[in-house]
Amino acid sequence: MGQYTPMIQQYLKVKAEYPDAFLFFRLGDFYEMFFEDAINASQELEITLTSRDGGSEERIPMCGVPYHSAPGYIDILVGKGYKVAICEQTEDPKQAKGVIKREVVQLITPGTMMEGKGLTDKENNFIASLTVFEDNCFGLAYADLSTGENRVTIIEDRFETVVNEIITIGAREVVVHSDFSEDFKLKLSERSTLTFSIEEDTSLKQEYAPLLTSLQDKRHHAAVNRLLNYLNRTQKRSLDHLQKVSAYMLHQFMKMDYYSKRNLELTETIRSKGKKGSLLWLLDETKTAMGGRMLKQWIDRPLLSMDGILLRQTHVDAFLANYFEREDLRDHLKEVYDLERLAGRVAFGNVNARDLIQLKYSLQQVPVLKSIMESIGKGSLEELTATLDPCEELQDLLERSLIENPPISVKEGGIIQDGFNEDLDRYRDASRNGKKWLAQLEQEERSRTGIKSLKIGYNRIFGYFIEVTKSNLQHLEEGRYERKQTLANAERFITPELKETEALILEAEEKSVDLEYELFKQVRETVKEYIPRLQSLAKVISELDVLQCFATVSEKRHYVKPVFNHKRKMIIRDGRHPVVEKVMNAQEYVPNDCEMDSEREQLLITGPNMSGKSTYMRQIALTAILAQIGCYVPASEAVLPIFDQIFTRIGAADDLISGQSTFMVEMLEAKNAITHATEQSLILFDEIGRGTSTYDGMALAQAIIEYIHQYIGAKTLFSTHYHELTVLEKELPKLRNVHVSAIEQNGKVVFLHKIKQGPADKSYGIHVAQLAELPPKLIQRANEILLTLENMDQPKAELNVRPVPEIREAGPLEQLSLFDEPKKTKKELTSKERKIVEELKSIELLEMNPLQAMNVLYELQKKLKG
Ligand code: ADP
C-alpha cells in the first residue's frame, strides 16, 4: 500500500469493502475507476482505458465517466447483472486538509434499482432473500424497493418449487447466507440470470419491527430480516416506504410450474421472451402502471377460493353493466401517476417538484374516481370505493405550495408559489423591485450621459454592469465610472449606486432560492408522512384498474362469465384460444367445445399436424386460468371446476438449447405431473413420447395414459400422432377419442380446426405426403408398409389395462440408444451433393411446419436424383 499516493490508498481501502462491485470513485466532475475495475468497465461500457500515476512504478489503469452522464452507464452495468458502489466526496474540497473524505453512499444492484431504464412501468423489480431451514424448508422473502411491496413465504417442498417461485416473481437478485449451497445457486442460475449477494445478519433491527408485526412464524422473521438488513446496509438511506410484510402460502393459489407457465405463454412468449403475444398482453387494458403490475401478479397467481373468485366476478359484472361509467373511469385513471414508485422516491429523497405536481394531479382525480364509482355503486364495489382516500390536506398543501410548471432542479428556485410563505414573498419583492430600480437607474444614466444605447447587464463574474459602446465613451463623466471589462466594441463599468442595488438584489435572490429549497424539503417531508396512505390508495386504484380491465376485455372480445361447480364438471361451448383469436381475426377462428366430467376424464386428441391440437389444449388451460383470476372467458358458455394445479408438456423450440435432450425434458415434466397431480388438476400432454423411437414412445405414452386414468383421475388432454393409442378408448372407461378434422379441397389440405368425436382418419400422414406431391412410387410403398404395420398391430386390440408399477419408486430411466450410428462412407461427395448438404444445414427447421419441411425435403431429393 505504502507505494501508492494517499488518494489511491483511500481508493483501495474503500474498494476492499466492495470487492464484487464496480467502485465509482468521485473525483471532481468525474467518477473514476482504477485497476481491474477500470479494465473491465472500459470493456463493458466501451469507454477509453487510460492510466495515471498513482505513486507506484507502474501506471495505474483508469477510466471514468462524467458525473452527469453516470446514470446511463450505471444502467448498463446493472442491466448486465453487475453491482455499482457510488463513492462520493463527503466534504467540501476547499475545507479538506489532505485527501478529501470519501464514502460509499449507495450500492446499486439489479434488485435495488430505483430509477432508470432497468425499471419497466408495468413490471415489479423484486429482490429476494433465501434462508434455508432444516428438512427441505426454505424461507423466501422479497421486496420491490421501487414500490415498497414486501412479502414472505415458507416453502416446504423441493428446491425446484423455490426456483419456480423466484422465476415467477421475476427476481433479479437473491440475497443468501455465505455458505448457501453451490448446487442450489446453479439450479437458480440455470433458469434465470440472477445476481447473488451475501447477508449473514438475520437479527431484527428495531426500526424495522413495525413491518413485521403480522408475522408469527420465526422463520418468516429470519427470511425478512436477512433481506431488510441487506437493504439497510447497501442503500444507506431511508427505507420508510417499505410496506408491512405480508405472508402467504403457495397452496392458497393455483400451482403451475415454470415449464407450464412458459408453455402457456402467460406473461411472456416462448420465442421472443417479450410480453407481446402473451396472455398478459391480451388482457392488459389497464390504464395505470400500478394496475399493470397488479394484473401480472394476478395472472401469476390464479385463485383457489371460490369466494375470492366470485367476489372479483361481481366487481367485473358491475363494470360490465355500466359502460359509460367504466369508460369515464378509464379516462380518469389515465391521469393517475405511479403512486407506489412516487412514494418510494419520496422516501429515498429523490423526487423533484414535477413529481409532486404529478402527485397533485393524481390526488385531484380521486374525488372524481370516487363519484364515478359511487354512481356504479353496487354491492361490494362500494366497499372498495369507500377506501379511496383523497388525502385532502396533502392535496391542499400541494395546490398551495408548488407552481404549475416547476423546473427539474429543486435547488435553483422557481418552484414555490407566491403567497405560500411570507419571508419568501418579501425576498421576491426585493428582487422584483430591484429589477425596477435597475430599469430606473438605466434611464437615469442614459439621460445623464445622453447615450441612448447605454444598458445595464449582468454576468456571473462581474455581476451587474453598465455597458457603453466604444464610440460613446467620450460622453462619460470622469471619475464616476469604474472600468471592469473591455469587449471588442464596448466597455463595461460599475458605479457605487449600481453596486449597492446589486447587493440588495443578489442577497434577496440568494436567500429566496435557499428558502425555496427549504420549503420544498418541508413539503417533501409532509408527503413522506402520507406514504402509507398513498400506498393504500395505490392498492385500491390498482385493483379498480385491473377489474375494469377484465370488464373491458371481456366485453370487447365477447367473453362469458364462467360458472363453477364442485362436481369436476367442465363444459366449454364455443371455446377459443384468447391470444390466437386476437392475433388472427376473430371471424376466422373456429370455436370448439369441450365436455368433460367424472365419466369423461381423459381426451385423446388425434389429427394431422397443424390441425390445431395444441391450440385446443392451450385454450382449455387458458380458459381455466382466466376463470380463476376472476375474468370472463372466451366461450359462449363455460361451466368449470376449480383446478388446483395445471401441468403441461407442450413441445417448445427452446428445449433444444436448454442443455437437456427434448426427450429428457419431456420425461421430467411427465414425472412432475404424475407425482403431483390430483383429481382436481388439469394435465395437458402434447405428443408425449415423440422424442424417442416409435414403439418405445408409444409404449410410454400408453403407460402414462393408463397410469393417470387409474391412479390420478386428473382431467387430462392428450394429443398424439400414435394412432394406435385410439383403441385405448375400448379399455379405459373414462377416456374418449376426439380428433381435429381436415379435408381435401382442390388438391390442398384444408384444416377445419374443428374438434370432433372419435379418432382421426389414420392414413392422413400419407395423404398429406401425396398432396405434397411426393413421387407416386414412394406413396405406394408407404401404403404397403402401413398395411404391414397395421397387421402387426393386432396385439394392441387385445390391450389389457393392468396396474403399472409405481413411478414414484422407479429407479432412474435407462436411456436407450435412439438410432444406430450411420455408416460412414469413404466416397467423396460430388459438388452437387455438397451443395445439397449445405442447403440441408441452412434449413431453419424450427420455423417450418411439417408440410413445408416435407416440401423442402422433396425439392432436395429431386435435385439429388437430378
Ligand atoms: P397442431 O398442434 O395440431 O400441430 P397447432 O395447434 O399448432 O396444431 O395449430 C396450428 C395452427 O393452426 C395455429 O398456429 C393456428 O394459426 C391455427 N389454428 C389452430 N386452431 C385453430 C382454430 N380453432 N381456428 C383457427 N385456426 C386455428
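Atoms within a ligand are numbered from 1 in the order they appear, just like the ligands themselves. None of these values were measured; they are calculated from a predicted model.
A salt bridge links Glu601 to Lys715: one of the charged nitrogens lies within less than 4.0 Å of a carboxylate oxygen.
For Glu555, the side-chain contact (heavy atoms from CB on, under 4.5 Å) partners two or more places apart in sequence, or in a different chain, are Leu320, Tyr323, Arg326.
Side-chain contact of Gln619 with Asn592: a donor-acceptor pair under 3.5 Å is absent, judged by distance alone. Residues Thr314 and Asp317 bring no donor and acceptor atom of their side chains to less than 3.5 Å of each other.
Protein heavy atom in closest approach to atom 4 (O) of ligand 1: Met610 N, 2.7 Å. Ranking the protein heavy atoms by distance from atom 23 (N) of ligand 1 puts Val590 O, 2.8 Å first. Of all protein heavy atoms, the one lying nearest to atom 7 (O) of ligand 1 is Ser614 OG, 3.5 Å. Counting protein heavy atoms only, atom 9 (O) of ligand 1 is closest to Thr615 OG1, 3.4 Å. Nearest protein heavy-atom contact of atom 25 (C) of ligand 1 is His753 CD2, 3.4 Å.
The proximity of Lys754 to ligand 1, defined as any non-hydrogen pair under 4.0 Å, does not occur for either the backbone or the side chain.
Within ligand 1, counting atoms from 1 as listed, the ones closer than 4.0 Å to a heavy atom of Met584 are 25 (C), 26 (N). Those atoms of ligand 1 that come under 4.0 Å of a heavy atom in Gly612, given as number and element, are 1 (P), 3 (O), 5 (P), 6 (O), 8 (O), 9 (O), 19 (C), 20 (N).
Within a 4.0 Å radius of atom 14 (O) of ligand 1, the protein contributes no non-hydrogen atoms.
Of the listed residues (Lys296, Lys582, Lys122), just one forms a salt bridge (charged side-chain N to carboxylate O under 4.0 Å, His left out) with Asp284, and that residue is Lys122. With Ser192 as the partner, the side chain to side chain contact (heavy atoms under 4.5 Å, CB included) test is satisfied by one option alone out of Ile167, Ile166, Val163: Ile167.
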Could you give the side-chain donor-acceptor pairs of residues 750-757 under 3.5 Å, partners two or more places apart or in another chain?
{"from": "His753", "atom 1": "ND1", "to": "Ser611", "atom 2": "O", "distance (Å)": "2.7"}
{"from": "Lys754", "atom 1": "NZ", "to": "Pro591", "atom 2": "O", "distance (Å)": "2.6"}

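Heavy atoms of Ser611 approach ligand 1 to within less than 4.0 angstrom.
Considering backbone and side-chain atoms together, Lys613 places an N or O closer than 3.5 Å to an N or O of ligand 1. Checked against a 3.5 angstrom limit, the closest N/O atoms of Val580 and ligand 1 fall outside it.
Under the 3.5 Å distance criterion, the side-chain polar atoms of Gln628 are matched with a main-chain donor or acceptor of Leu303.
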